[in-house]
Amino acid sequence: MHEMRGKTGRGAVRLGVFGGAVALVAAGSVPAFAAGAESYAFSFKDHVVPPGESSAVVLRPDTVDGMPNGTLVFAMSKAPLTDASWAGGGLPAGMSARLDDMCQASPTVKGVFLCRTGEDTGFVGPAVVASDAVKNLTKLHFGVAYAPRGADLKAAVKKAQLAQSAPVKGLVEPHSVTVLTADHVKKNVLGLKTPELPAGGTVTQSVTVQARDAGKLRVGFGAGRGQRQWDKGELNVEITSVKPGAGASNCTFTPGELTWDSGISCDVAARGGREVSVSYTLKAAETTPAWKLGAMAGYDVYTSGWAEGPQLKVEFGVKSPFPVKERYSLLARNKDGRLFLHAGTGDGKRVFEKGEDFGDAWKKYTLTAKLSPVKVQMAGGGVVARDAGGVLWNFALDGEGGLWEPLKVGAGWNVYDALTGAGDVTGDGKPDLLARDTNGTQWLYAGTGVPKKPFAPRVKIGAGWKVFDVLTGGADLTGDGRADLLARDKDGAQWLYAGTGVAAKPFAPRVQIGAAADWKGYTAFSLVGDLDSDLKVDLVARDASGVLHLLKGTGQAAAPFAPRVKIGGGWNVYGSLL
């Protein structure tokens, strides 16, 4: 139960508590009380619900003023509350009222319910439920009247029954519960016009709804598909104004920089399906990067239940010379076969977040590889994994923090002892895969961009690759826009194979970039992507004691890495880094 205590009186602001929420009722917004009457008034509202059990709506006050001590009378009818004969009394077919201990059905009048209310009971009311069989546009009319303790209860019942004939705001109110099916509600069709926003400028966009029913029109903003969410102070885009068209009113918007919680909200009247338009203006700072944003419109017709109204998402971009600084994650599989994702922070001092567990389904795979660096929002080339039977599986990234279910690539992959994601080495914009067979021959599987058939037939790159015990690739180390490959030989020397972007000959001749003394002590490597927000690809390397190190990229082919920086210990729990 929720209780309310406080002073009331003319000139004060009175506090109401209901259903876990708080409402303020300004003084003067309710009628004056008769001499000797207790200080209590209420405000209920109309409801729109879907058919089904999830439609249950408790008829509690929307706002209250004062503390009741008496009975709330609810009169429910299939007809408007104007008929003194009460011929339509009772709920429509398929609708029912559920009562708690504070409410009971009148023993003499059909469709009337009496609910004791006071300081110890809170603000109670029946719960109305529409079954799945209730027809579209079925309407329950209900009137509410209050009878203080000791007052004539029969008079309050009559007032509730005739609430539409003689309403008294705050004391006697007529309302309704209307059932609308999902097919009906979806006819309130949404539209969005979202032209590009220039950095340092403004743009006016608009949202429309073909308003068959009254509702709440909303627009929110978030990252576009495959785009990470921005940090505070990183976007610098704000709503500056909202202009409602005919049929829209009470528009509000969130000031300041856009966040997940920012948005626009307007009340819309039912207009028989005619279009209602609301325009709004966005402003971007001159330094705003080239974000891909999503405008998400929703139309809330239902006031209760789990069903949702129409929704629409349209993406637009910020036109800017400044690129978005992407962040990348490290995938790691522990010795029990569980896959973990450590999201990059973009901060070279606190490099990764705590690992997110993707489950133990990965223990059945004997080889795994990411095709290209994995962005924190799980966008990129995806992951491939070979099972013990030699079948290769392709896991596409969903761009929203997860992986799609694996798709079978094919059998016969147990002829390979190493799989390496190469990124795009053919220059067609699609990530490719390298596979080394047990004889040391390296093969290229060019990406197709089709998840169900992700690779073209293999092409031989060359023999002699058995001399390497670690291969990692998929990203541009040299700053020329082409994906490169790192290879460490069994003596510990590190080699760079610069990408050419030419499918027939994807790599230039190798160049040694590190002596054996510098690289032999590492047990795992991964070209993760840009980890310190300097737009250069970085490498992580784990030593034999389990310490993970960050080797920041320089973008220079002759010396692609700066001296290592310690990230932290305990990384030997992982059998492999992807």
Would you say the side-chain atoms of Thr420 pair up with the backbone N or O of Thr472, donor to acceptor, closer than 3.5 Å? no
One pair to check against salt bridge (Lys or Arg N to Asp or Glu O under 4.0 Å): Arg338 and Asp357. What are the steps and the verdict? CA-CA 7 Å; Arg338 304 188 75 89; Asp357 189 349; 2.9 Å; yes
Stepwise side chain to side chain donor-acceptor pair (under 3.5 Å) check, Tyr522 with Arg564: CA-CA 12 Å; Tyr522 295 117; Arg564 71 182 190 181; 3.0 Å; yes
Can you tell me which residue among Asp417, Thr441, Asp437 is in a side chain to side chain donor-acceptor pair (under 3.5 Å) with Lys466? Asp417
Can you list every pair that meets disulfide bond (SG atoms under 2.5 Å apart) and has a residue in residues 214-262, with sequence neighbours left out? Cys251-Cys266
CH2 (Trp404) with more than 12 external heavy atoms under 6.0 Å: no
To the nearest 0.5 Å, what is the distance between CD (Glu257) and CD (Glu238)? 9.0 Å
Describe, in one word, how the ring planes of Phe507 and Trp465 are oriented to each other, choosing from parallel (under 30°), tilted (30 to 60°) and perpendicular (over 60°). tilted
Side chain to side chain contact (heavy atoms under 4.5 Å, CB included) for Asn236 and Thr287? Distances and angles first, verdict last. CA-CA 8 Å; Asn236 289 318; Thr287 56; 4.2 Å; yes
Would you please classify the geometry between the Phe455 ring and the Tyr445 ring as parallel, tilted or perpendicular, with 30° and 60° separating the classes? perpendicular
Short question: side chain of Glu315, backbone of Arg225 - any donor-acceptor pair under 3.5 Å? yes
Quick one: do the Ser265 and Thr252 side chains pair a donor with an acceptor below 3.5 Å? no
Donor-acceptor contact present, side-chain Thr281 to main-chain Thr204, <3.5 Å: no
What distance separates Leu419 CG from Thr368 OG1, expressed to the nearest 0.5 Å? 8.5 Å
So, Trp362 versus Phe340, ring centres under 6.0 angstrom or not? no
Determine whether a donor-acceptor pair (N or O, by modelled atom type, separation under 3.5 Å) exists between the side chain of Thr345 and the backbone of Arg350. yes
Return the CG to CG distance between Asp213 and Asn188, rounded to the nearest 0.5 Å. 4.5 Å
Report yes or no: does Gln512 contribute a side-chain atom to a donor-acceptor pair with the main-chain N or O of Gly514 at less than 3.5 Å? yes
Give the intermediate values and the outcome of side chain to side chain donor-acceptor pair (under 3.5 Å) for residues Tyr280 and Gln205. CA-CA 6 Å; Tyr280 55 91; Gln205 301 181 343; 2.9 Å; yes
Evaluate the criterion side chain to side chain contact (heavy atoms under 4.5 Å, CB included) for residue pair Asp432 and Leu371; output intermediate values, then yes/no. CA-CA 6 Å; Asp432 308 313; Leu371 297 177; over 6 Å; no
Around atom NZ of Lys319, are there more than 12 heavy atoms from other residues, nucleotides or ligands closer than 6.0 Å? no
Is Thr240 reaching over with its side chain to a backbone N or O of Lys283, donor-acceptor style, under 3.5 angstrom? no
Do we get Arg510 above Trp495's six-membered ring, with its NZ or CZ under 6.0 Å from the centre and within 45° of the axis? yes
Does NZ or CZ of Arg488 lie under 6.0 Å from the centre of the six-membered ring of Trp519, at an angle within 45° of the ring axis? no
Assess whether atom NZ of Lys325 is packed by more than 12 heavy atoms of other residues, nucleotides or ligands within 6.0 Å. no
Going through the distances and angles, do Gln229 and Trp260 end up as a side chain to side chain donor-acceptor pair (under 3.5 Å)? CA-CA 9 Å; Gln229 179 62 13; Trp260 281 109; 3.1 Å; yes
Leu471 vs Leu434, test: side chain to side chain contact (heavy atoms under 4.5 Å, CB included). Steps then yes/no. CA-CA 10 Å; Leu471 297 167; Leu434 298 174; over 6 Å; no
Can you list the residues that meet the side-chain contact (heavy atoms from CB on, under 4.5 Å) rule with Lys566, with sequence neighbours excluded? Val547, His549
Treating Asn394 as the side-chain partner and Val409 as the backbone partner, does any N or O pair qualify as donor plus acceptor under 3.5 Å? no
Can you measure from CG (Leu531) to CZ (Phe352) and round to the nearest 0.5 angstrom? 4.5 Å
Determine, stepwise, if the pair Arg228 / Glu234 fulfils salt bridge (Lys or Arg N to Asp or Glu O under 4.0 Å). CA-CA 12 Å; Arg228 71 172 174 87; Glu234 194 178 17; 2.5 Å; yes
Taking the side chain as everything from C-beta on, heavy atoms only, tell me whether Leu539 gets closer than 4.5 Å to Leu486. yes
Shortest non-hydrogen pair, Ala284 vs Pro198, comes out as CB-O, 3.8 Å
Which pairs count as disulfide bond (SG atoms under 2.5 Å apart) when at least one residue sits in residues 520-552, sequence neighbours excluded? none
Side chain to side chain contact (heavy atoms under 4.5 Å, CB included) between Lys363 and Tyr365, worked out: CA-CA 5 Å; Lys363 61 186 176 184; Tyr365 300 114; over 6 Å; no
Report the C-alpha distance between Asp480 and Thr478 in whole Å, list the side-chain angles of each, state the deciding distance to 0.1 Å, and finish with yes or no for side chain to side chain donor-acceptor pair (under 3.5 Å). CA-CA 6 Å; Asp480 62 0; Thr478 61; 3.0 Å; yes
Kindly compute the distance separating CD (Gln494) from CD1 (Ile513), expressed to the nearest 0.5 Å. 5.0 Å
Looking at Tyr574, is its backbone amide N or carbonyl O close enough to the side chain of Arg542 to form a donor-acceptor pair, meaning the two atoms are under 3.5 Å apart? yes
Is it the case that atom CD in Glu353 sees more than 12 heavy atoms from other parts of the structure closer than 6.0 Å? yes
